[in-house]
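Below is one structure; the comments refer to it alone.
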Amino acid sequence: MTANSLLLIPALPLLAFIINITLGKGIIKDKAHLVSIPALAASWAIAMLAVYNVFSRGNVFEGNLYTWVVSGAFRVQVGFLVDQLTAVMLVVVTSVGLLVNIYSAGYMRGDKGFYRFFAYLSLFVFSMLMLIMANNFLQLYFGWEAVGLCSYFLIGFWYEKKSAADAGKKAFIVNRFGDFGFGLGIMLIFLYTGSLQYSNVFPAAHSLAGQTVSLFGSNVPLPTVIALLLFCGAMGKSAQFPLHVWLPDAMEGPTPVSALIHAATMVTAGVFMVARCSPIFNLSPVAMGVVAITGAFTALFAATIALTQNDIKRVIAYSTISQLGYMFLACGVGAYGAGVFHLYTHGFFKALLFLGAGSVMHAMSGELDLRKMGGLKKYMPVTYWTFLLASLSISGIPGFAGFFSKDEILWRAYSSGPLGKVLWAVGVLTALLTAFYSFRLVFMAFHGKFRGSIEQERHLHESPMSMGLPLLILAVGAVAAGWVGISPVISESLGMGPLDKIGPFLATVVGTPVSTGAPTTELALMGVSVLMALLGILLAAYMYLWKPEAPEALARTFRLPYKLSFNKYYIDEIYDNAIVKPTFWVAKNVIVGVTDGKWIEGIVNGVPKAIGSFGQSLRKLQSGVTQHYADIMALGVLIFIAAALLLRL
């Protein structure tokens, strides 16, 4: 394959966007999906051909299309790189993107912005493909910012609703904090390597070792500064603490948006970027530690919030933040391949959870409150069973996709050293909480008695095939996607040959982590994590099936922890008082009140006012009375004579 043929992968979604956004309102209207779906299907087919060539033949495709920017030594081209890391991302982005488009054809039918929605979806897929297929940092940054823009469009899609418009702005603004650091990191890369091309930067990364930069009067290792600045961008895009606050509010967008952007693609861009930049991160143990600790803390932190939320989409949103934390934990201990493997499996089971939630909302006329659901299993069997499979997968039950990738992360963390064992313990506790809140969803929504209104119950129904088919396909992925990464210790215990395909596949790009530990230890750790997952499921069953009064009793007993979790630890309120309100106060009282109101307005309005006053004074000289003119002339003559006499003296 050539760069020109690879161009078709992002170009086809871009073409669908152009057609829908220009012709959708007047001509295409409710047929917009007939443009986007075939375009994405063709893009998927070409991408799978590229993935096949990389996987089966080891071919890596790289080529430049044209020179984009030239300014002195600064030279950047538009080009594409499809290696093993890109291939995994192509599978996730194009597969989930296609299924979400098919699902949306049924979910969004009848919406007045139908054509606009499909236009935005196509633009998003184009942007994400440009990000993952880039062969240089500037093109990566272009795709990075473009997916942020599309996120703003799609989160605030129903902009007539204030909460949706606010959520779109919140996502856009919070990401600006992280992207500022990301941009600075890219500038430093060019400043110290003289290039932004991956093929030049990564081989030269070792030259950064030993160099320092002056920061606040101290000399700080250059690789640490660059890696941490890049990680700032990852924290924003992948919603890691403390820049996680935008993602739960992003649930204001249509549910397919949550499945595509906030589960399978955009939020994983940070993990992809850290893995891509592994040669730089590997130079800084400090940066690696920050990545690992941030990931582990975020995983546990978000899981504790998910325990008490009643909005079905927000529970899954906090679950996403938590699972992304697992991925960064893996990257931080040097197990980039394990992090990307979990990114891959997560894309399937998390998209399935979101689309399953969308199916529930579709049946219940948009209802989100779990307390008003219950007993949906008999009305929605396809949604129930696919949702159950996704929940088993995210819980890490053996045989399901999430088990293989999550346990690979936990094993790599445990075997990475003393800090890794602490992080492993955090990861295992998070696994318990994950299983609990996942099955809390299942039991509250699908089991027991229906707790909604009579009118809602009368209209309960299974979703149409256009929504059900993507659920069934994603369910296959939620079960089987992890089978490409079966740990060697499992295959050996079963007397089989090597079954791990994705680990060695990714190792050519991100390397193989150094692990110390016996196979028996790894099996024992797997057993611990599985037991924790089963314990979480049993606790959920006890509290929401067998003793439904238990949750309320626990909330009363542990009032403070419950209140903190339910109110998301008041992080939004802290930001509101520490950042938002002071910013508005400065804007109103300083920028508008003083700078704009007095200085700028004083100049802009004061100068014309002074000229006007002077003009009014001059107008009095033109009175039209001859006697006045004669008096002025006489006065002028006297002044002239007086001046002449003074000059003679």
Side-chain angles (χ1 to χ4, degrees), residues 1-15 17-18 43 46-47 49-51 53-54 58-90 93-94 122-150 179 182-208 226 229-230 233-234 237 265-266 269-270 272-281 508-510:
M1 299 185 73
T2 64
N4 288 328
S5 59
L6 293 175
L7 175 63
L8 290 173
I9 299 175
L12 289 170
L14 177 62
L15 179 61
F17 162 73
I18 294 172
S43 177
I46 300 170
L49 179 61
V51 170
N53 278 278
V54 174
N59 295 335
V60 173
F61 304 101
E62 182 172 11
N64 295 311
L65 292 172
Y66 62 88
T67 300
W68 183 10
V69 181
V70 177
S71 179
F74 183 69
R75 182 184 183 89
V76 179
Q77 295 174 312
V78 172
F80 298 108
L81 169 64
V82 178
D83 59 3
Q84 289 79 1
L85 179 58
T86 306
V88 174
M89 293 298 295
L90 280 174
V93 173
T94 58
S122 298
L123 181 63
F124 171 80
V125 174
F126 159 75
S127 302
M128 192 67 194
L129 289 171
M130 290 294 287
L131 188 160
I132 63 174
M133 295 176 67
N135 68 354
N136 64 81
F137 280 97
L138 190 60
Q139 188 173 328
L140 168 70
Y141 193 74
F142 164 79
W144 190 275
E145 294 302 322
V147 294
L149 177 64
C150 293
D179 291 355
F182 185 46
L184 291 178
I186 292 176
M187 292 178 192
L188 283 178
I189 288 173
F190 173 74
L191 186 62
Y192 284 92
T193 66
S195 177
L196 291 179
Q197 295 289 132
Y198 296 160
S199 57
N200 296 328
V201 172
F202 295 141
H206 66 278
S207 66
L208 302 175
I226 293 177
L229 286 172
L230 294 177
K237 199 68 70 185
T265 53
M266 173 183 152
F272 165 79
M273 185 271 291
V274 171
R276 174 64 76 195
C277 297
S278 57
I280 296 174
F281 280 85
T508 56
V509 179
V510 299

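Along the sequence shown, residues are numbered consecutively beginning with 1.
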Item to check | Least distance between heavy atoms, Phe126 atom then Pro13 atom | outcome: N-CB, 4.0 Å

Checklist entry - Counting N and O atoms only, with roles assigned by atom type, does the side chain of Asn200 sit under 3.5 Å from a partner on the main chain of Leu196, one being a donor and the other an acceptor? => result no

Next on the checklist: So, taking the atom named CG in Leu184 and the one named CG in Asp179, what distance separates them when rounded to the nearest 0.5 Å?
Outcome noted: 11.0 Å

Checklist entry - Can you find a pair of side-chain heavy atoms, one from Met187 and one from Leu191, that are under 4.5 Å apart? => result no

Next on the checklist: Give me the atom names and distance for the closest heavy-atom approach of Met128 to Ala269.
Outcome noted: CE-CB, 4.1 Å

Item to check | All ring pair (Phe, Tyr, Trp, His ring centres under 6.0 Å) counterparts of Phe142, not counting sequence neighbours | outcome: none

Checklist entry - Taking all non-hydrogen atoms of both residues, which atom of Ser43 and which atom of Leu12 are closest, and how far apart? => result N-CD1, 3.8 Å

Next on the checklist: If I take atom CD1 from residue Ile186 and atom OH from residue Tyr141, how far apart are they, to the nearest 0.5 angstrom?
Outcome noted: 6.5 Å

Next on the checklist: Using 0.5 Å steps for rounding, measure from the CE atom of Met89 to the CG atom of Leu131.
Outcome noted: 7.5 Å

Checklist entry - Partners of Ala47 by side-chain contact (heavy atoms from CB on, under 4.5 Å), sequence neighbours excluded? => result Ile9, Leu90, Thr94

Next on the checklist: Evaluate Glu62 against Tyr198 for side-chain contact (heavy atoms from CB on, under 4.5 Å), listing each step before the verdict.
Outcome noted: CA-CA 11 Å; Glu62 182 172 11; Tyr198 296 160; 5.6 Å; no

Item to check | Interatomic distance, Ile132 atom CD1 to Phe80 atom CZ [nearest 0.5 angstrom] | outcome: 11.0 Å

Checklist entry - When you measure from the side chain of Asn136 to the backbone N and O of Gln77, does any donor-acceptor pair fall under 3.5 Å? => result yes

Item to check | Check against side-chain contact (heavy atoms from CB on, under 4.5 Å), Phe272 and Val93 | outcome: CA-CA 12 Å; Phe272 165 79; Val93 173; over 6 Å; no

Checklist entry - side-chain contact (heavy atoms from CB on, under 4.5 Å) between Gln197 and Asn64: does it pass, once the steps are laid out? => result CA-CA 11 Å; Gln197 295 289 132; Asn64 295 311; 4.2 Å; yes

Item to check | For Cys150 against Leu123, the heavy-atom pair lying closest together | outcome: SG-CG, 3.5 Å

Item to check | Residue pairs passing the salt bridge (charged side-chain N to carboxylate O under 4.0 Å, His left out) test where at least one lies in residues 135-146, sequence neighbours excluded | outcome: Glu145-Arg176

Item to check | Nearest atoms (heavy-atom pairs only) where Ala234 meets Val274 | outcome: CB-CG2, 4.1 Å

Checklist entry - At what distance, to the nearest 0.5 angstrom, does CG of Leu129 lie from CG of Leu8? => result 12.0 Å

Checklist entry - Sequence neighbours excluded, which residues qualify as side-chain contact (heavy atoms from CB on, under 4.5 Å) partners of Cys277? => result Phe137, Phe202, Leu230, Met273, Phe281

Item to check | Sub-4.5 Å side-chain heavy-atom contact between Ile189 and Ile280 | outcome: yes

Item to check | Spatial distance of atom CZ (Phe61) from atom CE (Met133) [nearest 0.5 Å] | outcome: 10.5 Å

Item to check | Minimal non-hydrogen separation, Leu81 against Ala134, with atom names | outcome: CB-O, 3.9 Å

Item to check | Any Trp68 side-chain heavy atom under 4.5 Å of Gln139 side chain | outcome: yes

Next on the checklist: Applying side-chain contact (heavy atoms from CB on, under 4.5 Å), can you list everything that pairs with Thr508, at least two apart in sequence or on another chain?
Outcome noted: Gln84

Checklist entry - How would you list all residue pairs meeting salt bridge (charged side-chain N to carboxylate O under 4.0 Å, His left out) that involve residues 186-196, not counting sequence neighbours? => result none

Checklist entry - Got a donor-acceptor contact below 3.5 angstrom from the Asp83 side chain to the Thr86 backbone? => result yes

